Enquirer: 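The structure under discussion is supplied below as structure tokens; questions concerning it will follow.
For the numbers below, each heavy atom of this structure counts, side chains included, while hydrogens, waters and symmetry mates do not. Fair warning: this is a prediction, and the values are worked out from it, not measured in the lab.
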Amino acid sequence: MGYYAANPIMWALAISMATVAGIWTFFALRRGARRVALRGVAFVLLPFGLLFTGTLTLLVRIADAITQWASRLVFAPMVWLGLLLLAVSAGLFVLGGRKKDKPGRSVAPGQNPSTLGSRSPAVDPVDPEMAEIEALLRKRGIT
């Protein structure tokens, strides 16, 4: 006997899903939406394909596991305590990773803290396109 013959609950689920898809297909045909109706026929066949391959059972088990996890997450105080500890841990990790030279002044990655007090010569930030236009104007003698 095959796997699909032994589980009447999965058969009922597949028939229910196919019925809903069949109703959708019927109304799509009545509206004259042939492409939507064609997709509806695909959805009618899909539950039985999932049933015969055992994938429907797999999907039901995954949904059941997610539901159990979510309900445990909501109703268990220990889980909330665990989430609180994770949040505090993440906050401490972020705060502990910052390097500070002086209060209120952060050291950028790759920057030597001893050179923070000295300023580099002022460099005029120039747009590369504007620099190219200025070079063309200078070449033509226009300033």
Enquirer: CG of Asp127 to CD of Glu134: how many Å apart, nearest 0.5 Å?
Expert: 10.0 Å
Enquirer: Quick check: closest heavy atoms across Pro47 and Ala14, and the distance to 0.1 Å?
Expert: CB-O, 3.6 Å
Enquirer: Side chain to side chain contact (heavy atoms under 4.5 Å, CB included) with Leu58: which residues, sequence neighbours excluded?
Expert: Ile62
Enquirer: I want to check something: taking the side chain as every heavy atom from C-beta on, are Leu73 and Leu83 in contact at a cut-off of under 4.5 Å?
Expert: yes
Enquirer: Quick one: side chain to side chain contact (heavy atoms under 4.5 Å, CB included) partners of Ala42, sequence neighbours excluded?
Expert: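 Side chain to side chain contact (heavy atoms under 4.5 Å, CB included) check on Ala42 returns nothing, list empty.
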Enquirer: Partners of Arg35 by side-chain hydrogen bond (donor to acceptor under 3.5 Å, both in side chains), sequence neighbours excluded?
Expert: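 In terms of side-chain hydrogen bond (donor to acceptor under 3.5 Å, both in side chains), with neighbours along the sequence ignored, Arg35 is linked to no residue.
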Enquirer: Report whether Ile142 and Ile133 are members of the same hydrophobic cluster (ILVMFWY, side-chain heavy atoms less than 4.5 Å apart, transitive linking).
Expert: yes
Enquirer: Going by heavy atoms in the side chains, are Leu46 and Met17 under 4.5 Å from each other?
Expert: no
Enquirer: As an exercise, state the distance from CG of Leu38 to CZ of Arg34, rounded to the nearest 0.5 Å.
Expert: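 The CZ atom of Arg34 is 11.0 Å from CG of Leu38, to the nearest 0.5 Å.
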Enquirer: Would you sort out whether Val36 and Trp24 count as a side chain to side chain contact (heavy atoms under 4.5 Å, CB included), showing the intermediate values?
Expert: CA-CA 9 Å; Val36 176; Trp24 178 41; 3.9 Å; yes
Enquirer: Do Phe48 and Ile15 make a side-chain contact, defined as non-hydrogen atoms from C-beta onward lying under 4.5 Å apart?
Expert: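 Phe48 vs Ile15: side chains touch.
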Enquirer: Would you say Phe43 ends up clustered with Leu13 if hydrophobic residues are merged whenever their side chains have heavy atoms under 4.5 Å apart, either directly or through other cluster members?
Expert: yes
Enquirer: Roughly how far apart are Met10 CE and Thr57 OG1, rounded to 0.5 Å?
Expert: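 Between atom CE of Met10 and atom OG1 of Thr57 there are 4.5 Å.
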Enquirer: Strictly distance-based, threshold 3.5 Å: is any side-chain N or O of Ser89 a donor or acceptor partner for the main-chain N or O of Leu85?
Expert: no
Enquirer: Check the surroundings of atom CD1 in Ile9: do more than 12 heavy atoms from other residues, nucleotides or ligands lie under 6.0 Å from it?
Expert: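 Open: at most 12 neighbouring heavy atoms sit under 6.0 Å from CD1 of Ile9.
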Enquirer: Kindly work out whether a path of hydrophobic side-chain contacts (I/L/V/M/F/W/Y, heavy atoms less than 4.5 Å apart) joins Ile23 to Phe26.
Expert: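 Linked within one cluster.
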Enquirer: Between Trp11 and Phe52 (judged by ring centroids, cut-off 6.0 Å), do the two rings come close enough to count as a pair?
Expert: yes
Enquirer: Indicate the atoms forming the closest heavy-atom contact of Thr25 with Ala37, along with that distance.
Expert: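 Closest heavy-atom pair between Thr25 and Ala37: CG2-O, 3.4 Å.
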Enquirer: Between Trp80 and Val74, is there a donor-acceptor pair closer than 3.5 Å when you use the side chain of the first and the backbone of the second?
Expert: yes
Enquirer: To the nearest 0.5 Å, what is the distance between CG (Leu51) and CG (Leu59)?
Expert: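 Going from CG on Leu51 over to CG on Leu59, the span is 11.5 Å.
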